[in-house]
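The structure appears right after this line, and notes come after that.
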Amino acid sequence: MTEAALGAMSGLRVIDLTRVLGGPYCTQILADHGADVIKVEPPAGDEVRDWGPPFHDEDAAYFIGINRNKRSIGLDLASEGGRIVLLKMLETADVLIENFKPGTLEKWGIGNEVLRDKFPRLVHCRICGFGADGPRGGNPGYDAIIQAMTGMIAATGSPESGPMRIGVPLVDITTGLYAAIGILMALSERQRSGKGQFLETTLYETGLAIMHPHTANYFMHGKPPGLTGNEHPNLVPYAIFPTKTDNIFIGVGNDGTFRKLAKEIGKPELGTDPRFARNKDRIANREALRAELAAVFSQHEAEPLCNRLLAAGLPAGPVQKIDQALTNPHTIARGDVIEKDWYKGVASPIRLDRSKPSLRRLPPKFSQHSAEVLGEFGYSQAEIEAMVEKGTVCGPERKR
């Protein structure tokens with residue numbers, strides 16, 4: 001991620017009213033690729049600034065990890081003056097993204113109908129928990145709660161552990177990804193129609209959408225998934241196995257791959273054994289196959305074995321901790337960790353050939369760019385100072 005690169009989203013202005021995770025994750029994707037993202041924070045700031053330790057200058061790592069390449073302005077949108085400033089900023093904006101409870105902007109007199117009339121080319125994206133309608137319309141949404149409600153927790157874990165939350169905020173992050181995709185779709189359509197549009201991405205629908213293959217299986221046979229631990233409900237072998245040193249994960253997607261694996265580990269007879277020849281046979285004889293493979297893998301060290309299998313085109317990998325993953329030679333060779341001054345982060349995984357992502361700005365301090373941003377929108381220094389004095393615009397201190 002080079003500092004001098006001109007990104008694919010250069011020239012795009014995004015007004016970001018989001019907090020916590022899904023929205024900021026979305027806008028960081030756009031910012032990494034050149035968009036001018038102005039992060040509008042409430043007087044108390046984005047609450048994840050306090051989600052620590054660890055901290056850097058009172059900002060939690062949680063905030064720092066999803067807010068690079070943005071400028072921050074603290075603005076009291078509950079005040080009329082704050083909304084006037086927002087409307088001024090929207091005059092030259094391409095995208096507005098917010099994650100207020102549905103109805104909040106309408107209560108403030110700046111709902112989608114008003115925005116559509118004033119700014120016909122604006123793409124307005126809302127991220128929320130359940131949407132505005134339906135029995136749960138307007139209810140707040142949280143990653144773990146959505147995991148629980150969409151069947152994710154019930155399908156995760158082993159018979160020994162019981163149902164378990166997935167260890168990363170998968171719903172929030174994927175909602176941010178879907179929001180970014182939706183924004184790009186709306187911008188593409190705007191090139192044809194000349195008009196912006198409203199789009200909504202909800203945590204609940206995201207949770208349902210990423211429950212593959214469990215939803216597809218249920219539609220086919222009407223049975224909810226059981227707890228299979230690290231194993232796949234539709235494929236065998238697809239699980240963790242111990243070795244002499246560390247655990248490895250083996251994932252076999254078809255019968256030909258299984259026969260190749262059997263040959264590579266010196267047990268070609270397993271590939272033609274009628275108990276294991278086809279995937280449905282391996283599912284029926286899952287435990288017997290696990291015992292056969294475990295006996296072989298226990299004679300090898302994890303890293304050399306995985307290297308050999310991967311070189312042969314077979315899906316295998318060591319089970320690494322995060323420190324091992326971030327310092328892995330492949331991670332380093334691909335430039336997947338980026339640095340600037342005190343900041344370290346994971347680079348954008350979207351690698352375009354010409355319009356490359358870049359690390360231009362460190363994650364902003366609260367309201368760090370208020371004077372800079374407002375000056376760009378025509379406000380004089382005296383006007384900015386008056387708004388700060390009135391509390392419409394925030395200085396560097398948050399109202400905790």
Item to complete: Check the pair Leu293 / Phe297 against side-chain contact (heavy atoms from CB on, under 4.5 Å), numbers first and verdict last.
Response: CA-CA 6 Å; Leu293 294 176; Phe297 296 146; 3.8 Å; yes
Fill in: Audit row: Ile38, Met89, side-chain contact (heavy atoms from CB on, under 4.5 Å) steps and yes/no
CA-CA 9 Å; Ile38 300 173; Met89 295 167 68; 3.5 Å; yes
Worksheet entry | Arg68/Tyr343 under side-chain hydrogen bond (donor to acceptor under 3.5 Å, both in side chains): CA gap, chis, key distance, verdict | CA-CA 9 Å; Arg68 66 180 175 234; Tyr343 172 85; 2.8 Å; yes
salt_bridge([X], [Y]) N-O dist < 4.0 Å:
{"X": "Glu376", "Y": "Arg71", "result": "yes"}
{"X": "Glu231", "Y": "Arg290", "result": "yes"}
{"X": "Glu98", "Y": "Arg19", "result": "no"}
{"X": "Lys365", "Y": "Glu397", "result": "no"}
{"X": "Arg275", "Y": "Asp281", "result": "no"}
{"X": "Asp50", "Y": "Arg398", "result": "yes"}
{"X": "Arg351", "Y": "Asp336", "result": "yes"}

What closest approach, in Å, do [X] and [Y] show between heavy atoms, and which atom pair accounts for it?
{"X": "Ala347", "Y": "Gly335", "result": "CB-O, 3.7 Å"}
{"X": "His300", "Y": "Val296", "result": "CD2-O, 3.2 Å"}
{"X": "Gly129", "Y": "Thr202", "result": "O-CB, 3.7 Å"}
{"X": "Pro169", "Y": "Tyr62", "result": "CG-OH, 4.4 Å"}
{"X": "His124", "Y": "Asn112", "result": "ND1-OD1, 3.1 Å"}
{"X": "Asp59", "Y": "Pro364", "result": "OD2-O, 4.2 Å"}

With side chains defined as the heavy atoms from C-beta onward, is the minimum distance between [X] and [Y] less than 4.5 Å?
{"X": "Phe198", "Y": "Val123", "result": "no"}
{"X": "Ile183", "Y": "Cys26", "result": "yes"}
{"X": "Ser367", "Y": "Pro396", "result": "no"}
{"X": "Ile29", "Y": "Ile350", "result": "yes"}
{"X": "Val346", "Y": "Leu326", "result": "yes"}
{"X": "Phe276", "Y": "Val236", "result": "no"}
{"X": "Leu96", "Y": "Leu115", "result": "yes"}
{"X": "Glu200", "Y": "Cys128", "result": "yes"}

Give a yes or no on whether [X] and [Y] share a hydrophobic cluster (residues Ile, Leu, Val, Met, Phe, Trp, Tyr; joining criterion: side-chain heavy atoms under 4.5 Å apart).
{"X": "Leu208", "Y": "Val171", "answer": "yes"}
{"X": "Leu87", "Y": "Val114", "answer": "no"}
{"X": "Leu184", "Y": "Leu177", "answer": "no"}
{"X": "Ile181", "Y": "Leu12", "answer": "yes"}
{"X": "Met387", "Y": "Val40", "answer": "yes"}

Discussion item. Distance alone, cut at 3.5 Å: any donor-acceptor contact between the side chains of Ser72 and Glu41?
Written reply: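 Present: a donor and an acceptor within the cut-off.
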Worksheet item: Do we see a donor-acceptor contact under 3.5 Å between the side chains of Asn99 and Thr18?
Response: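 The answer is no; no qualifying pair exists.
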Practice prompt. Check for a donor-acceptor pair, side chain of Thr150 on one end and backbone N or O of Ile146 on the other, with a separation under 3.5 Å.
Written response: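 Checked: pair present.
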Worksheet item: Taking the side chain from Lys70 and the backbone from Ile66, do they hold a donor-acceptor pair closer than 3.5 Å?
Response: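 Yes.
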Item to complete: Using the salt bridge (Lys or Arg N to Asp or Glu O under 4.0 Å) rule, take Lys39 and Asp46 through it: C-alpha gap first, then chi angles, then the decisive distance, then the call.
Response: CA-CA 10 Å; Lys39 182 178 179 68; Asp46 187 332; 3.0 Å; yes
Is it the case that atom [atom1] in [X] sees more than 12 heavy atoms from other parts of the structure closer than 6.0 Å?
{"X": "His212", "atom1": "NE2", "answer": "no"}
{"X": "Tyr238", "atom1": "OH", "answer": "no"}
{"X": "Tyr218", "atom1": "OH", "answer": "no"}
{"X": "Glu47", "atom1": "CD", "answer": "yes"}
{"X": "Arg308", "atom1": "CZ", "answer": "yes"}
{"X": "Met211", "atom1": "CE", "answer": "yes"}
{"X": "Glu383", "atom1": "CD", "answer": "yes"}
{"X": "Glu58", "atom1": "CD", "answer": "no"}

Worksheet item: Given Ile240, which of Asn230, Ile248, Ile250 fulfils the side-chain contact (heavy atoms from CB on, under 4.5 Å) condition?
Response: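 Exactly one candidate clears the test, Asn230.
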Discussion item. With side chain to side chain donor-acceptor pair (under 3.5 Å) as the test, pick out the partner of Ser348 among Lys356, Gln28, His33.
Written reply: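 Exactly one option meets the side chain to side chain donor-acceptor pair (under 3.5 Å) with Ser348, and it is His33.
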Roughly how far, to the nearest 0.5 Å, is the [atom2] atom of [Y] from the [atom1] atom of [X]?
{"X": "Leu235", "Y": "Asn254", "atom1": "CG", "atom2": "CG", "answer": "9.0 Å"}
{"X": "Gln197", "Y": "Lys195", "atom1": "CD", "atom2": "NZ", "answer": "11.0 Å"}
{"X": "Leu270", "Y": "Phe258", "atom1": "CG", "atom2": "CZ", "answer": "5.0 Å"}
{"X": "Asn234", "Y": "Asn217", "atom1": "CG", "atom2": "CG", "answer": "4.0 Å"}
{"X": "Thr92", "Y": "Phe119", "atom1": "OG1", "atom2": "CZ", "answer": "9.5 Å"}
{"X": "Ile265", "Y": "Lys260", "atom1": "CD1", "atom2": "NZ", "answer": "13.5 Å"}

Discussion item. Could you check whether Arg49 makes a cation-pi contact with Phe63, meaning its NZ or CZ is under 6.0 Å from the centre of the six-membered ring and within 45° of the ring axis?
Written reply: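 Relative to the ring axis of Phe63, which defines the angle, Arg49 lies inside both limits.
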Discussion item. Applying salt bridge (Lys or Arg N to Asp or Glu O under 4.0 Å) to Arg278 and Asp255, what does each step give before you reach the verdict?
Written reply: CA-CA 6 Å; Arg278 294 178 297 176; Asp255 298 337; over 6 Å; no
Discussion item. Quick one, Val14 with Ile97, criterion side-chain contact (heavy atoms from CB on, under 4.5 Å). Give me CA distance, side-chain angles, the key distance, then yes/no.
Written reply: CA-CA 8 Å; Val14 179; Ile97 178 169; 4.1 Å; yes
Discussion item. Just checking Phe249 against Phe241, ring centres under 6.0 Å apart?
Written reply: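 Centroid distance Phe249-Phe241: not below 6.0 Å, so no.
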Practice prompt. Could you check Gln147 against Asp143 for side-chain hydrogen bond (donor to acceptor under 3.5 Å, both in side chains), going step by step and ending with a plain yes or no?
Written response: CA-CA 6 Å; Gln147 285 194 34; Asp143 181 277; 2.8 Å; yes
